[in-house]
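This report concerns only the one structure given below.
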Amino acid sequence: MDGISLLTITVLAVFVGFEVVSKVSSTLHTPLMSGANAIHGIILVGAIIVAGQAAHPWELAVALLAVVLATANLVGGFVVTDRMLEMFRGNKPKKQRAEVPAGDAKPAGTLTSETHARESKGSVQ
């Protein structure tokens with residue numbers, strides 16, 4: 001195939017992919033992402049196998065680049081899926097920590113007038 005044919009196929013694939021993905025409802029997006037993550041895992045395994053059987057240095061370089069890109073894609077897919085699932089879980093109240101009033105908070109190791117007075121009497125523990 002010549003370069004123009006490959007470019008035409010790539011542009012058409014981008015447009016079709018955009019239209020398909022934009023029509024997916026948000027409730028179906030998470031299951032589809034999980035399936036895509038499984039496919040990306042298979043791609044990563046294939047890239048590792050190709051890297052292990054590379055005969056020339058340039059083949060090894062391209063295979064290792066494929067491993068890096070497939071890994072980034074796989075991890076990114078899981079991050080996006082986790083964020084989507086977080087949206088469906090809803091707003092749960094977060095654990096509240098006991099807050100110290102601003103006037104009572106003192107940095108560790110700070111001497112106050114009370115500890116200063118105790119130190120001078122020798123009663124510091």
What donor-acceptor contacts under 3.5 angstrom involve side-chain atoms of residues 1-12, with partners at least two apart or in another chain?
unit_1, atom_1, unit_2, atom_2, d
Asp2, OD1, Ser5, N, 3.4
Asp2, OD1, Ser5, OG, 2.6
Thr8, OG1, Ile4, O, 2.7
Thr10, OG1, Leu6, O, 2.8

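In the hydrophobic clustering, Ile48 connects to Leu44, Val67, Leu74, Phe78, either directly or through intervening members, whenever side-chain heavy atoms lie under 4.5 Å apart. Grouping Ile, Leu, Val, Met, Phe, Trp and Tyr by side-chain contacts under 4.5 Å, direct or through others, puts Val20 with Val16.
In this structure, Glu59 contributes its side chain and Ala55 its backbone to a donor-acceptor pair below 3.5 Å.
Two residues are said to be in side-chain contact when any heavy atoms from C-beta on lie closer than 4.5 Å; Leu60 and His56 fail this criterion.
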Exercise for the section: Would you sort out whether Leu69 and Leu65 count as a side chain to side chain contact (heavy atoms under 4.5 Å, CB included), showing the intermediate values? Expected result: CA-CA 6 Å; Leu69 293 175; Leu65 178 66; 4.0 Å; yes
